[in-house]
Structures are given as C-alpha cells and as structure tokens.
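The next block holds one structure in the form of structure tokens; read it before the comments.
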Amino acid sequence: MKLKTISQKATDDKRVLVRVDYNVPLKETNGSWQVANDSKLRATLPTIKLLLEAKAKQIILCSHLGRPKGKPAEKLSLKPVAKKLGELLKENNLTQVVDFAPSPSEISPESKLLLLENLRFDPGEKKNDPVFAKKLSGLADIYVNDAFSASHRQHASIVGIAKYLPSFAGLTLVEELQSLQRLLESPKRPFVVMVGGAKISDKLSAIEHLSKIADTILVGGGIANNFLKAEHFEVYHSYLEDAPADLNKEGMDFVKLADKLLDENRQQSTMLGNYPLPKILYPLDVLVASSPESKSSKTLNLLRTEQKKLGEESMFLDIGPKTIALYSEVIKKAKTVFWNGPMGVFENPEFENGTKKLAKVLSESKAFSVLGGGDTIRAIEHFSLRDDFSYVSNAGGAALEFLSGKMLPGLEPLTTSN
Ligand code: ADP
Ligand code: MG
C-alpha cells in the first residue's frame, strides 16, 4: 500500500485541514485543565513544520478528545491542548501562535494556525454525517490525515471529509504505517510477538493474523489466563475476560478461541539454540496473590502439579522468573519484535518484574522493535525506557486492526496506485 503523502508543493498558499490525534490525558491543576502527556502533540510537529514552511495559507488542526456523546463538555475541551501546542512550537523554534476556534463557524480568516474544538462535540462526527463532513470540508482546500490511531473509524473527519477534498497522508501517519508494514511484510527473522495486558477481545484477531507471520508468540499478562485455561490449568480467581462464563458481549468464548489458536499452531515450532519451542508460548510459572494490590506474593510453578493447591481467592498477577528467563532468551535472538500489553499488573511494584525485565531486554536488543498499546506505553514510560525502542506506536486499536490484516477505512482515500 502506497500513500499520497503531503508535500510542500501541494500545500502552497492553500487552506489545509489536518486531522490529528490530540486525544490526550488532561489533569486539573489549580482549577484549570492541563495536558498531562504531550507525546501525541509532539508527534504532529513534523507535519505542522512542513505546512508552515510550505506557506500554507491557513492550517486548521482538528481532533476528538474522549467521549463527549455529541455535546459540549468543559472537561473535554481542546482549549488547553492549543495552549500546550503553542508552547511546544515555541520550544522547537516554530514560533507561531496557535489560535483556538470554539466551533467550525468561528474561524478568523487572519488565523495562520488554529485548533478546532473537540470534533465529537458535534454528533455528526461519529455518525459520519455528510452535513458535518461538508461543513468541515468547506473550511479548507485540502485535507491531511495525520491520525493513524483514528483511521479505523468511519467518522466524518476521517472518512466523510475525504469525499469532498483532495486528501493526503501526514508525515506521522506515513511513519506509523511504514513501521507496522515492516512487521507484516518480510520482517527480519526471528520475528517475535509479545502480547499481554487484559483485553483479549481487542487483541485476538491481531494475534491470529500475526501467528501466521511470526516465528514465536510470547503470551503473558491477563490474557495468558485464557491460554492457560484452554490448556486445562486451574486459574482460580485470575482475571479472565468476562469470567465466569468466558463469554463477552458478542458471545465469543475467548478460552475456546485461545484453544483453537494453540491447536492450529501445535505442529509448528522454532529452534532456540538446540531446543525446539512451540510457536505459541504461555507462562511456565506465575506470581500469585489474593489481589492486584497485594504487597506480597508467591511463585507458582505451573508445571509442578503438587503446587496446584491454592486457595479459591488466588490470582495470577505476573509472569514468574522461569518465564521471564525463557522469554528473555527468545527476545535476545529476535531480529524483529512487536510488543503489545504488559506482562503483569506493573502498576504494583510487586508485579512489575515481568514487564520491566522484558522491556529492559528488548530495549538493549538490536532488533527492530515496535511497541503499542496505551498501558504498554505507560509501562515503558514508568521504567524510563520510552526512547529505547525503534518505534512506539500511539495508534492503539487502529494499529491492532491493521495488524489483523484489515484495510482501515481512513487509509483508503489516501492511497495511490502509482
Ligand atoms: P494495552 O493498553 O497496552 O493494550 P491492556 O489495556 O490490554 O494493555 O491491559 C493493560 C492492563 O492489563 C494493565 O493495567 C495491567 O494491570 C493489566 N494486567 C496485566 N497482567 C494482568 C494480570 N495477570 N491480571 C490482571 N490484569 C493484568
Ligand atoms: Mg489499555
């Protein structure tokens, strides 16, 4: 897939509407809202820089923030984001005032660079209402999508607007796509996928698709419990999506689906030194306690049956030392790694080891490494390792959909055949 990338030539003297992802965490300090993490803002600087240098007549940035349900909500206003963006531009010698437009009909023609209020304050955004898409398109001469993370959505600012304006991909979206494409198309081998976290419903189709491409899949975190249960291990009170019935809203049984995935890959193995390893690996041992807040825990070796007599209240909250050692060896040999989802409840120091140690091993490896997932990013930031990977994807669910092998609706209008 090749994208029509934004260029200086295309934007000269044009009014440009740029869809960005400024869905950032805000925090209230002394009665005013402030941006708590500006990495998504920083990610858009290359595109803004290009547009400023190209002498675009007007740059209109737009984004959603949170879930305002189609009506204004003060704590979901993008106003503090405009202020923060102004500070970042100044820091990067791109001195330019960032104006703020409370609605699409309140844009001053004098504004060179501005941020529109939260798109989702209008119910037309999520409904992909053509009237709202038309209104947005009327503001500009060309449209740029620099929000890969929203490109799996059929929303007015992603899909609708592209029907009315010449459409281009922003620089950050292109970088995101290239990094993810590198995983799917001839990755350097061994290619290792490490998945954890809680939400198997979000991740299973990506794991399925990646299992056809990767050499090894390392499973940890809460989702490992689905795999353990599929293999008839007792998981006690552990997190299991939609336990006890194991059925989610759509009536999908994720233990059965994990079982199917294990079965499909049972015949496949990769060599670790002289040892053949199954393609899909799940924990050999886990840390057990009665709650995610516990201050102490014990190690349960899952391969030793006599240890399997735990109290009802037991939960598996991190991968154990043997699993960390095995997964570390696999990661050290990898040439390509994709990681999504923490290996344990890293928010509690008692259960941070799996995530922390494997993050460290990966950060020291020369492999091409791509990380994604909101909590995975929080984890590596917490361990001060954010800058030590090849690519950190902000695209969350959109990245997972792309890695499931699906075409994202928002990318379609940006593609070119030549
Ligand atoms: P990401 O945002 O990186 O995609 P998820 O949202 O799927 O990850 O899951 C992150 C959460 O999973 C973390 O808050 C972490 O505490 C939790 N988690 C990890 N391992 C376990 C476990 N064994 N049991 C319960 N929760 C877990
Ligand atoms: Mg998450």
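Just follow the structure's listing: the first ligand is 1, and inside any ligand the first atom is 1. None of the values given here were measured: they were computed from a predicted structure.
Taking every non-hydrogen atom of G341 and a distance limit under 4.0 Å, the qualifying atoms of ligand 1 come out as 3 (O). Listed by number with element, the atoms of ligand 1 under 4.0 angstrom from any heavy atom of F316 are 22 (C), 23 (N), 24 (N). Counting the atoms of ligand 1 from 1 in the order shown, those under 4.0 Å from a heavy atom of T376 are 1 (P), 3 (O). Within ligand 1, counting atoms from 1 as listed, the ones closer than 4.0 Å to a heavy atom of N340 are 4 (O). Using a 4.0 Å cut-off to heavy atoms of L317, the atoms of ligand 1 that qualify are 23 (N).
At a cut-off of 3.5 Å, with distance as the only test, a side-chain donor of S201 or E241 sits close to an acceptor on the other residue. Donor-acceptor pairing under 3.5 Å is lacking for the side chains of E313 and S290. Side-chain contact of S157 with E125: a donor-acceptor pair under 3.5 Å is present, judged by distance alone. A donor-acceptor contact closer than 3.5 angstrom is absent between the side chains of D215 and T270. For S77 and E117, the side-chain atoms include at least one donor-acceptor pair closer than 3.5 Å.
Under a cut-off of 6.0 angstrom, the local environment of NZ in K360 is sparse, with at most 12 non-hydrogen atoms contributed by other residues, nucleotides or ligands. Residue R67 places its CZ atom among 12 or fewer non-hydrogen atoms of other residues, nucleotides or ligands, all under 6.0 Å distant.
Annotation: atom 14 (O) of ligand 1 to nearest protein heavy atom, E347 OE2, 2.5 Å. Of the protein's heavy atoms, D375 OD2, 2.9 Å lies nearest to atom 6 (O) of ligand 1. Residue, atom and distance of the protein heavy atom nearest to atom 21 (C) of ligand 1 are G222 N, 3.3 Å. Looking at atom 25 (C) of ligand 1, its nearest protein heavy atom turns out to be Y239 CB, 3.5 Å. For atom 9 (O) of ligand 1, the closest heavy atom belonging to the protein is A198 N, 2.9 Å. In this structure, the protein non-hydrogen atom closest to atom 27 (C) of ligand 1 is V345 CG2, 3.6 Å.
The shortest heavy-atom contact between T11 and I142 is CG2-CD1, 3.4 Å.
At least one N/O-N/O distance between G374 and ligand 1 falls below 3.5 Å. For ligand 1, none of its N or O atoms has an N or O atom of R378 under 3.5 Å away. Considering backbone and side-chain N/O of G372, none are found under 3.5 Å from N/O of ligand 1.
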Determine whether D263 and K260 satisfy the following criterion, salt bridge (charged side-chain N to carboxylate O under 4.0 Å, His left out), listing intermediate values before the conclusion. CA-CA 5 Å; D263 267 350; K260 185 164 164 270; over 6 Å; no
Might you work through the side-chain contact (heavy atoms from CB on, under 4.5 Å) test for L317 and S297, ending with a clear yes or no?
CA-CA 9 Å; L317 294 161; S297 61; over 6 Å; no
**Request:** Evaluate the criterion side-chain hydrogen bond (donor to acceptor under 3.5 Å, both in side chains) for residue pair E176 and S393; output intermediate values, then yes/no.
**Result:** CA-CA 7 Å; E176 179 87 42; S393 162; 2.5 Å; yes
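Only the side chain of K203 comes within 4.0 Å of ligand 1, counting heavy atoms alone; its backbone N, CA, C and O stay farther away.
Distances from the Mg ion (ligand 2) under 2.8 Å pick out these protein N/O/S atoms: D375 OD2.
Comment: E87 does not engage K90 in a salt bridge, judged by the lack of any side-chain N to carboxylate O separation of less than 4.0 angstrom.
N37 CG to L26 CG: the interatomic distance, rounded to the nearest 0.5 Å, is 11.0 Å.
Scanning A224, G344, G396, A379 for the heavy atom closest to atom 18 (N) of ligand 1 points to G344.
With sequence neighbours excluded, the residues satisfying side chain to side chain contact (heavy atoms under 4.5 Å, CB included) with K335 are K188, P190.
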